[in-house]
Protein chains: 2
Amino acid sequence: MASDSLSTTFAALADPTRRAILARLISGETSVTKLAAPFQMSLPAISKHLKVLERAGLIARGREAQWRPSRLEAGRLREVADWLEHYRRFWDESFDRLDIHLRELQAKQKKLLQRKQTREKKHGRTTRKFRSAVSKA
Amino acid sequence: MASDSLSTTFAALADPTRRAILARLISGETSVTKLAAPFQMSLPAISKHLKVLERAGLIARGREAQWRPSRLEAGRLREVADWLEHYRRFWDESFDRLDIHLRELQAKQKKLLQRKQTREKKHGRTTRKFRSAVSKA
DNA sequence: TGGTTAATTAACCAGGTGGTTATATACACT
DNA sequence: AGTGTATATAACCACCTGGTTAATTAACCA
């Protein structure tokens with residue numbers, strides 16, 4: 001398998017068990033045994049799947065005594081969404097109009113955010129908010 | 001590899017060569033040799049990649065004399081986008097607000113489309129337009 | 001008919017993937 | 001210290017993947 005980030009992410013997503021695990025993690029972090037419960041396969045198999053997801057950066061794992069709770073880590077999914085945007089117009093006929101609307105939204109949003117940041121003096125976060133929802137092409 | 005549609009699609013996308021081929025096809029359909037040109041690998045290798053993309057339904061292939069032009073087929077990418085939507089809120093803080101805006105847009109769009117269809121008596125297409133751009137959760 | 005160009009198929013190979021069972025590690029409890 | 005519970009690692013296996021070179025098919029051209 002190629003070692004770039006997108007390839008690793010897609011490869012990790014190319015398995016229904018792993019996608020089911022991600023889906024389960026939507027409702028909160030859980031232990032390995034609880035994640036394994038719905039499946040017929042052995043625990044080591046699940047352990048391997050979790051390692052794949054972890055290496056792909058799709059989940060992060062904590063430590064609580066002998067439990068290793070997994071939680072969703074959505075950054076890589078955003079990368080996928082960003083990549084997909086290049087192709088949106090091929091399946092979404094109304095893309096151009098939608099794009100225009102979204103760009104307007106984005107502009108408004110930026111201004112709002114800038115004002116908010118000036119008021120509250122927040123730190124750390126940049127203003128990338130809507131980037132993944134609009135075209136980059 | 002699992003045989004369900006999403007798994008096949010993700011597996012096909014988990015290779016930089018294949019993604020590069022898709023990117024190339026954004027600018028129109030092309031022959032195998034032209035698709036192969038940017039890469040160092042042999043023609044049979046590209047041929048295999050194209051077969052993977054074709055089986056995944058990401059491209060379709062025509063026949064023009066001895067050429068087999070490939071063209072982008074974005075339906076499966078839409079499926080990926082739809083799947084991704086379940087996770088959007090995990091990377092997009094402003095998801096809820098965006099969702100509201102998009103639903104409003106969708107409503108407007110539906111009305112526009114209905115009027116248009118009444119006027120032109122178009123057939124076959126339903127009004128699923130913005131489904132992939134908004135949350136389904 | 002024969003030659004050229006485009007693409008695919010066949011046969012092969014190294015390395016990866018997804019599963020197994022058996023064993024090991026880590027922590028909690030008494 | 002010893003036991004139970006949660007998880008990971010090791011060793012193994014069948015199959016898949018992504019590449020190669022050589023041979024084959026298919027269409028055009030003269």
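In what follows, every chain begins at residue 1, and chains take the letters A, B, ... in the order their sequences are listed.
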Query raised in the report: Once you round it to whole Å, what is the distance between C1' of C/dC27 and CD of A/Q66?
Result: 5 Å

Requested in this report: Provide, to the nearest angstrom, the distance between the CH2 atom belonging to B/W67 and the C1' atom belonging to D/dA27.
Outcome: 8 Å

Query raised in the report: So what's D/dA30 paired with, Watson-Crick or G-U wobble, going by both distances under 3.5 Å?
Result: C/dT1

Query - Side-chain donor-acceptor pair present, A/R55, A/T8, cut-off under 3.5 Å - result: no

Query raised in the report: Are A/R68 and D/dA6 close enough that a side-chain N or O sits under 4.0 Å from OP1 or OP2?
Result: no

**Report entry** B/L35 CG - C/dT8 P separation (whole Å)
**Finding:** 10 Å

**Report entry** A/E79 side chain to A/S5 side chain, donor-acceptor N/O pair below 3.5 angstrom
**Finding:** yes

Report summary line: Between CG of A/L53 and C1' of C/dG18 the distance, given in whole Å, is 13 Å

Query raised in the report: Between B/R61 and C/dT8, does any side-chain N or O lie under 4.0 Å from OP1 or OP2?
Result: yes

Query raised in the report: According to a 4.5 Å side-chain heavy-atom criterion applied to Ile, Leu, Val, Met, Phe, Trp and Tyr, with indirect links allowed, do B/F39 and B/L50 form part of one hydrophobic cluster?
Result: yes

Query raised in the report: Where along nucleotides 14-23 of chain D does protein come under 4.0 Å, by heavy atom, of base (B) or sugar-phosphate alone (S), with - for untouched nucleotides?
Result: ---SBBBBB-

Query raised in the report: A/E64 CD to C/dA26 C1': how many Å, rounded?
Result: 15 Å

Report summary line: Rounded to whole Å, NZ of A/K51 lies from P of D/dA8 at a distance of 8 Å

**Report entry** Test side-chain contact (heavy atoms from CB on, under 4.5 Å) applied to B/L58 and B/L72, B/V80, B/L13, the passing residue
**Finding:** B/L13

Query raised in the report: Rounded to the Å, how far apart are A/F39 CZ and C/dG18 P?
Result: 14 Å

Report task. Determine, using the 4.5 Å side-chain heavy-atom cutoff (strictly less than), whether A/L35 and A/W67 are members of one ILVMFWY cluster. Result -> no

Requested in this report: Would you mind checking if A/R76 and A/D82 are paired as a salt bridge, meaning a charged N to carboxylate O distance below 4.0 Å?
Outcome: no

